[in-house]
Amino acid sequence: MLANIGQLLTLRGAAAPRRVAALKEISLIEDAAVLCGGGKIIAAGRRRDLLRDPWLKKNRRKVQELDCHGQVVLPGLVDCHTHPVFAQPRLVDFEKRISGASYEEIAAAGGGIRSSMGAVRAASKKELGAKVLTGFQALLRHGTSTVEAKSGYGLSTEAEIKSLEAIRDAARHWPGTVQPTLLAAHVVPPEFAGKPDQYVEKVCDEIIPLVARKKLAEYVDVFCERGAFTLEQSEKILAAARRHGLATRAHVCQFTPSRLGGLLAQKPASLDHMDCVAPEDLSALASGDTVAVLLPGANYFLGHKDYPNARKLIESGVPIALATDYNPGTSPTPSLPFIMSVACTHMKMSPEEAISATTINAACALRLQDRKGSIEPGKDADLAIFGVTDYREIAYWFAWNRCVEMVVAGEKTNLTADQR
Ligand code: NIG
Ligand code: FE
């Protein structure tokens with residue numbers, strides 16, 4: 001039992017994904033407690049009501065108490081977009097950008113995603129698995145207990161499989177929940193320079209079927225962007241994914257606008273970045289369940305003035321989520337609270353909206369809303385405890401990790417030590 005909770009944000013209630021005004025509903029309970037058993041939430045509510053719970057009366061002797069010292073408890077955060085399988089930071093790109101080069105210029109000159117590829121291809125599965133686990137541990141320390149994890153720096157059949165196996169191996173040593181995604185279509189690898197359609201064919205006819213057969217991924221993603229893959233190529237890749245029983249998502253409208261009709265026809269769980277969505281696409285997005293995942297860590301790290309237009313999307317009825325985009329090229333941070341801070345200060349989201357966007361709506365972006373993203377009986381007992389007394393502080397403090405404790409599947413985790 002988590003006892004002595006000053007503010008409990010249950011996020012229960014309104015249908016998910018949350019849109020417009022419902023995005024602000026965090027269902028706050030003061031002076032609260034949460035009962036967990038068998039890795040699930042049994043009950044959550046006012047402390048004095050919970051003390052009368054029949055389950056608690058029956059199990060009183062075996063129940064351990066975790067004193068939350070009047071602090072804030074919310075669902076374990078859900079990071080619905082990360083790229084954790086890389087071997088090294090990209091310091092040359094970092095310095096080139098400081099000297100004035102843009103992300104696209106650096107990529108066109110052979111830097112960018114392709115420069116992460118060599119080290120991933122050269123690394124052993126064990127080395128990569130250790131790097132992924134280091135990332136997962138950092139995410140956990142900042143409040144995240146569910147993570148989507150993409151391959152995408154291998155760009156060959158062998159190295160993409162190795163990357164997904166590294167995710168699987170790291171997930172076995174991590175208490176949280178991992179949703180793996182194949183992103184073989186991140187950029188065209190050098191072996192296929194000038195022959196992008198041949199690489200798309202290989203992704204569709206060889207890599208996707210193999211990954212599906214080996215059950216190494218839940219999702220297939222594609223980078224739909226000038227310099228990466230065209231809309232037509234992207235649609236082909238997502239269609240191949242669906243034929244092989246895999247769900248879909250896509251990076252789109254990060255730097256250049258694309259019309260979204262063809263991608264939406266592939267029923268993606270999410271469309272991510274969405275910095276420059278055409279106004280004509282807003283009503284189609286608002287009428288579906290595809291979640292727009294906004295990644296302002298990339299705007300921050302690339303030094304952009306502009307951020308995704310969260311207000312416009314929210315007011316149009318589009319369901320949105322926020323994620324870190326944890327990766328070596330555009331967003332080397334494991335901190336969802338930092339992303340919430342950026343969303344509040346630069347995108348004018350309210351603290352309540354930022355919390356819904358990193359819990360219940362992020363769970364929807366992974367189609368895990370029946371298990372994750374809110375504190376309700378029957379859901380997984382994944383809870384984050386922040387060392388603050390007002391929930392608005394989670395997005396207020398920045399570059400200061402206030403997460404003090406994580407409970408995952410009903411168990412208190414060890415946040416300081418690595419698990420292997
Ligand atoms: O989400 N945009 C594509 N993929 C990543 C960046 C990858 C990289 O530069 O390493 C992103 O920003
Ligand atoms: Fe990304």
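Each ligand, and each atom within it, is numbered from 1 in the order the structure gives.
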message: Any heavy atom of R90 closer to ligand 1 than 4.0 angstrom?
response: yes

Parallel, tilted or perpendicular, as decided by the 30° and 60° cut-offs, for the rings of H304 and F255: perpendicular

task: Find all atoms of ligand 1 within a distance of less than 4.0 Å from any non-hydrogen atom belonging to H81, and give their numbers and elements.
output: 1 (O)

field: K150/D221 salt bridge by N-O under 4.0 Å criterion
entry: yes

message: Salt bridge check, K202 against D197: does any charged N sit closer than 4.0 Å to a carboxylate O?
response: no

task: Angle at the Fe ion (ligand 2): provide the value between NE2 of H81 and NE2 of H83, rounding to 10 degrees.
output: 100°

field: Ligand-side contact atoms (ligand 1) for residue partner Y153, heavy atom cut-off under 4.0 Å
entry: 7 (C), 8 (C), 10 (O)

statement: Within the 4.0 Å heavy-atom cut-off, what H83 brings close to ligand 1 is side chain

task: Verify the distance test for H273 against the Fe ion (ligand 2): any N/O/S atom under 2.8 Å, yes or no.
output: no

query: Has D325 got an N/O/S atom less than 2.8 Å from the Fe ion (ligand 2)?
result: yes

query: Would you say the side-chain atoms of H81 and H251 include a donor-acceptor pair closer than 3.5 Å?
result: yes

Pairing of D169 and R172 as salt bridge, 4.0 angstrom limit: yes

task: For G329, counting its heavy atoms only, list the atoms of ligand 1 lying under 4.0 Å from any of them.
output: 8 (C), 9 (O), 10 (O)

query: Hey, what's the ring geometry for Y153 with H83, parallel, tilted or perpendicular (30° and 60° as the breaks)?
result: tilted

message: I want to know whether Y326 and F86 have ring centres closer than 6.0 Å.
response: yes

- prompt: Is E353 paired with R311 through a side-chain N to carboxylate O contact shorter than 4.0 Å?
  reply: yes

statement: The N/O/S atom of H251 lying closest to the Fe ion (ligand 2) is NE2

- prompt: Any idea which atoms of ligand 1 are less than 4.0 Å away from a heavy-atom of Y103?
  reply: 6 (C), 7 (C), 8 (C), 9 (O)

query: Which ligand 1 atoms are under 4.0 Å away from a heavy-atom of T330?
result: 6 (C), 9 (O), 11 (C), 12 (O)

field: Nearest-neighbour protein heavy atom for atom 4 (N) of ligand 1, which is reported as residue plus atom name and distance
entry: H186 NE2, 2.9 Å

- line: D325 heavy atoms within 4.0 Å reach ligand 1 at atoms 1 (O), 11 (C), 12 (O)

- request: Can you pull out the closest protein heavy atom to atom 2 (N) of ligand 1? Residue, atom name and distance to 0.1 Å, please.
  value: Q254 OE1, 2.8 Å

message: Tell me which one of E191, E158, E160 satisfies salt bridge (charged side-chain N to carboxylate O under 4.0 Å, His left out) with R121.
response: E191

